[in-house]
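Single-structure report; data block below.
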Amino acid sequence: MGVNPREIRVDVGELALTGFRADPERVSAAFERELTRLVREHGVPLAADGAVTMEALTGLPPLPAGLSARRLGQELARAVHQGLSGHGEVTR
């Protein structure tokens, strides 16, 4: 039987957005909502064996520059969750 953690904590120190004109506060709010939803529904596969610390998550897919703030935040959260699921490159 799998372990059901009581708490999952994901701290994102910085999201670097270059070439986007969306309101950063709205992007951040949408990002947080979507990442929270994804973690609740799917967990954090890279941390399945216990706590893990990552310095950077790279190699994620590019995003179109014309997205709305809400959509950009959602897509960023999906890309980060993909990275937390083992896709992309992790620097520890």
Side-chain angles (χ1 to χ4, degrees):
M1 184 174 232
V3 176
N4 187 9
R6 299 176 104 188
E7 179 179 311
I8 295 174
R9 183 174 139 181
V10 177
D11 289 320
V12 177
E14 178 182 25
L15 285 175
L17 302 175
T18 303
F20 294 94
R21 296 179 187 221
D23 176 9
E25 289 181 21
R26 292 184 65 208
V27 172
S28 181
F31 173 83
E32 186 175 333
R33 278 192 307 273
E34 182 67 2
L35 188 57
T36 297
R37 183 188 73 76
L38 291 167
V39 168
R40 281 189 181 141
E41 288 182 13
H42 305 288
V44 179
L46 285 181
D49 294 331
V52 63
T53 300
M54 298 173 217
E55 292 297 319
L57 185 58
T58 59
L60 301 175
L63 298 172
L67 296 175
S68 69
R70 182 184 60 79
R71 183 65 183 207
L72 179 57
Q74 291 171 334
E75 293 300 322
L76 283 168
R78 290 174 187 147
V80 167
H81 191 265
Q82 283 283 318
L84 296 173
S85 299
H87 306 284
E89 296 178 28
V90 174
T91 303
R92 295 179 189 217

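What you see below is based on every heavy atom in this structure, not just the backbone, and it leaves out hydrogens, waters and symmetry mates.
- For CD of Glu25, the number of neighbouring non-hydrogen atoms (other residues, nucleotides, ligands) closer than 6.0 Å is 12 at most.
- Taking CZ of Phe31 as the start and CG of Leu72 as the end, the distance is 10.5 Å to the nearest 0.5 Å.
- Looking at heavy atoms from C-beta onward, Val27 lies out of side-chain contact with Phe20 at the 4.5 angstrom threshold.
- Residues Val80 and Leu38 do not share a hydrophobic cluster, clusters being chains of Ile/Leu/Val/Met/Phe/Trp/Tyr side chains in contact below 4.5 Å.
- No donor-acceptor pair under 3.5 Å is formed between the side chain of Ser28 and the backbone N or O of Pro24.
- The minimum heavy-atom distance between Ala22 and Ala69, with the atom names listed, is CB-CA, 3.7 Å.
- Rounding to the nearest 0.5 angstrom, the gap separating the CG atom in Leu35 from the CZ atom in Arg40 is 11.0 Å.
- Once rounded to the nearest 0.5 Å, the distance linking NE2 of His81 with CD of Glu34 reads 9.5 Å.
- For Arg78 and Gln82, the side-chain atoms include no donor-acceptor pair closer than 3.5 Å.
- Rounded to the nearest 0.5 angstrom, Thr36 OG1 and Glu41 CD are separated by 11.0 Å.
- Counted within 6.0 Å of CZ on Arg26, heavy atoms from surrounding residues, nucleotides or ligands total 12 or fewer; the atom is thus considered open.
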